[in-house]
Amino acid sequence: MDKTFEPRDVEARWRDSWEQQGCYAPSGTGEPYSIMIPPPNVTGTLHMGHAFQHTVMDALTRHARMAGKDTLWQPGTDHAGIATQMVVERNLKLAGEPARLDLGREKFVEKVWEWKKLSAGTIGGQIRRMGSSVDWSREAFTMDPAYSKAVIEHFVRLHEAGLIYRGKRLVNWDPVLLTAISDLEVVSEEENGKLWHFRYPLAHGAKTADGNHHIVVATTRPETMLGDTAVAVHPEDERYAHLVGKTVLLPLTNREIPIVADDYVDREFGTGCVKITPAHDFNDYALGQRHQLPLINIFTPTATVNDEAPEVYRGLDRYVARKKIVADLDALGLVDKIDDHKLKVPRGDRSGAVVEPYLTDQWFVDLTRETRHDGQAGPGGLHAITRPAIDAVESGRIRFVPDNWKTTYFQWLNNIQDWCISRQLWWGHRIPAWFDDAGNVYVARDEPEVRAKYKLGADVALRQDEDVFDTWFSSDIWPMATLGWPEKTEALNKWYPSSVLVTGFDIIFFWVARMVMMGQYFQNEVPFHEVYITGLVRDPEGNKMSKSKGNVLDPLDVVDGITLDELIKKRTTGLMKPETAPKIENKTRKDYPNGIEAVGVDALRFTFAALATQGRDIRFDAGRAAGYRNFCNKIWNAARYVLMSCEGQDCGIDDAQPVELSDADRWIISKLQKLETEAAEHFASYRFDLLSTALYQFIWNEYCDWYLELSKPALQQGSEAQQRGTRRTLVRVLEVWLRLLHPLMPFITEEVWQRVAPLAGKVAGTLMLQPYPIADASRIDEAAEADIEWLKTFILGVRQIRGEMNIAPGKPLPLLIQGAGADDLSRLAKMKSAIEFLARVESPRVLSDDEAAPQSATALLGTTKLLVPMAGLIDKDAELARLAKQIAKLESDLEKTATRIANPNFGKAPPAVQEQAHQHQRKLAADLSALQDQHQRIAIL
RNA sequence: GGGUGCUUAGCUCAGUCGGUAGAGCGUCGCCUUUACACGGCGUAGGUCGGGGGUUCGAGCCCCUCAGCACCCACCA
């Protein structure tokens, strides 16, 4: 074995071997356990967030598999309509190829399929590299033929139940992508803007209360005034009460529009008069419905002014039109004032374009009408889709981890709107709806079915709806459709509901809630029992990682390492805004001054596990990953030592020869049981941070730091039977913790286990199919643990003196023991060789009661004193200073405890707590007096 | 406006039942001792954001203030 662990070859070997051996496939026996991967978008490559979540899922999957369950981790990818279409369009542009519209739908979609193949391949490669044990034989894609069939079925059945409708509604329109998007795909951010105050002249000589012939309206969007169909005031606003029912003459268009009263209006804001544009504002739309106002759409799909407007504005972009309208109104003396104003600007989350509320025909899922799918009114306003989704979580049939995310979930569902599911895109599932020439719409699974269902003759010309579904309308059946739904397959029967969904909070609405809705609706069953919500992986400064910010990290760059220059190059090429490159370069230099060291997959996975604290985002820390790379090396070398000590030797496995276990052997075995218990708890509660910490501490701080060291004198000086016992323990404990660690660090554990397992009497095979260790309470040995704790205190005491006095570690020290009790003597006798080896002391001598100690440095071992004679070794003043420091610490501790006990009401504390406090006080007092005594004795000499 | 988190060592974060404040990394000192310098041993470093309350006892529970982050809704 090499002196350092080199992850690359090891990883390559095992990931191929596991896959080829079929280890990732369900075993076919045991209790079913399944996880559906949140299908990554085929837009390119996986980022740190994926790697993090995949680590969690793989740990759960490997754990379940080792625990003997019939385990499926279902892989696949999502076609991601808008996102993928955009990527391909950009690629075409960069490559100088014909644009989408020039290519035409069929050719363009072919291009997207080419890209999909590429991207899915890359993603598959990344998933394989991370060691994710997904069942590749079941790999799915949301546009596979079978999956597409399920999507159609999904739509048609909802339609048949009356839960789908099509209508002309105001929707969020992206004027760049030229498609409707859902509420969730709109992100609003506060931006600096203006609030314009315009005078609208009153018609027919009407006057305001203060004698003006106009009223003043305030708006942040002057261009929409071309589509105004009313001015609204508050019904109880005395200033305008007499004007309600009168009209104003809309400037520039000279349309006469009414003044209406509606309590939507806030009297305090602006002048209390609101211009109403029902075709271009959601609130105005609602108000318009209440007052039967006409809708005047003044924009084309690209948000230029259309022919409804006066000729001078036609064809102008909305912002150009805005400028001209303000100028024209100003020329007419109708601009009252212009204020600076912060306003929330709604933008499409993909394009970044300012979204326009726009009247179009779209398909909707009814999520609000309080009826059942059978048309009956339900009790208490039951909705066929929404209500059961709320019930599923309220009843505890779905549990969120951490629990508080259910609040978010409920909040959204309780305020849900109908869902616009049609998109004016080319990449996606074409909506199974057909129109005849008269504009009638027919819904069925395909055209023949339409003709049959609606009894249409061959003479009726039908054309299919051009639109496609919102991507989420296909991913919301992911847990069912990947298992064969709508067919009643064996897989569906076995693995639906899945065991746990692992995902980020950012898609609780987009995806989680909708899967629950559809699962409940179609299967009458939740899609998963638990939802483990992970935090977001952020950059070292806590910023969200995004391509445009140039702070994304490819997980494989952490695995394989990357130089600073390469990283900068990666982050700054192909930017949408090339001018941000210098800023990105600076930040990269700051975050990773030396680039990123290669750490290997295991270390990266362990890093994610360690950072996976509950309900908190994680800042990625490359230093931490390097730390766990070191941990891998520690494991590697520990194994190297064990193999060197045990290979070709009698490890006491066959019980042919007598085997004797030492205190140290029984101690580490006992500790191991406790670790196994902890591991089980942490898996059950999804505390991967605590799991990784527990494993790390046991392996490094107990097994390596103490047990391996204790084994050295044992193997040199022990009897044959004791040596067999030590070897057996070395090998067996190692073999067990490799299994415990395997779900987090699959590669190194497998590599090492293959060499260790035979020594531990294990048959050949892969580690990943070995049973996960379970604690055996009968092997807990408190006496051995107490013995080793005593030993540790002993050794630490001596080491402290050595360390603080700067005595070379290798130099053997003389040691005297004063005040030893019977326990000390027996422990001293049985652990003599360990003490001499680890503390590097020459055979310690126990002083008799009447024997005076020479001038010595002191360490306390309970009431016993460990004395290192100072002569020629230790500076008197240094030891005095050291003691003084310890004395000061004890005094302060003692004072705190004394104050606590002195509290007149301390008697109210439980007796056990009181007893504990008194004991603590006695111990502090004893230690203090011992050290003070020692300080005095040295001082006078 | 409504909601959810967060504030603990220089940094990143644990802290479960209210009972003597922890880890990793970094710092500093000693050491190349045959598993490992990607190492060993030792050491320093904290008014637990501020204030108040409950309690025998508060990092933890309650109130309040401040700061940071995020989500939802959007008064033009």
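Computed from a predicted structure; not experimentally measured.
Base orientation of B:C6: anti, since the glycosidic angle falls outside 90° of 0.
Ionic pairing of A:Arg619 and A:Asp539 is not present here: no N-O contact between side-chain nitrogen and carboxylate oxygen is shorter than 4.0 angstrom. Salt-bridge formation is not detected for the pair A:Lys549/A:Glu541: no Lys NZ or Arg NE/NH1/NH2 atom is positioned less than 4.0 Å from an Asp or Glu carboxylate oxygen.
Side chain to side chain, A:Asp183 and A:Asn172 meet the donor-acceptor criterion of an N or O pair below 3.5 Å. There is no side-chain donor-acceptor pair under 3.5 Å between A:Ser692 and A:Tyr628.
A stem is defined here as three or more consecutive Watson-Crick or G-U pairs, each with both distances under 3.5 Å; for RNA chain B these stems are B:1-7 with B:66-72, B:10-13 with B:22-25, B:28-31 with B:39-42, B:49-53 with B:61-65.
Within the nucleic acid shown, A:Phe509 comes within 4.0 Å of sugar-phosphate atoms alone, with no base atom in reach, counting heavy atoms only. In this structure, A:Thr219 reaches the sugar-phosphate backbone alone: every heavy-atom distance under 4.0 Å involves primed, P, OP1 or OP2 atoms, never a base.
Ring centroid separation for the pair A:Trp636 and A:Phe5 comes in under the 6.0 Å cut-off.
Looking at A:Leu536 and A:Phe505, their side chains come closer than 4.5 Å, going by heavy atoms from C-beta outward. Side-chain contact check for A:Tyr240 versus A:Thr271: some heavy-atom pair is nearer than 4.5 Å.
Nearer the 5' end of RNA chain B, as judged by each residue's closest nucleotide, is the contact made by A:Leu611, out of A:Leu611 and A:Lys712. RNA chain B is contacted by both A:Ile618 and A:Asn637; A:Ile618 maps to the nucleotide lying nearer its 5′ end (nearest heavy atom per residue).
Separating the CD atom of A:Glu681 from the P atom of B:A14 is a distance of 19 Å, rounded to the nearest angstrom.
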Per-nucleotide protein contact string for nucleotides 44-49 of chain B (B base, S sugar-phosphate only, - none; heavy atom under 4.0 Å): ------
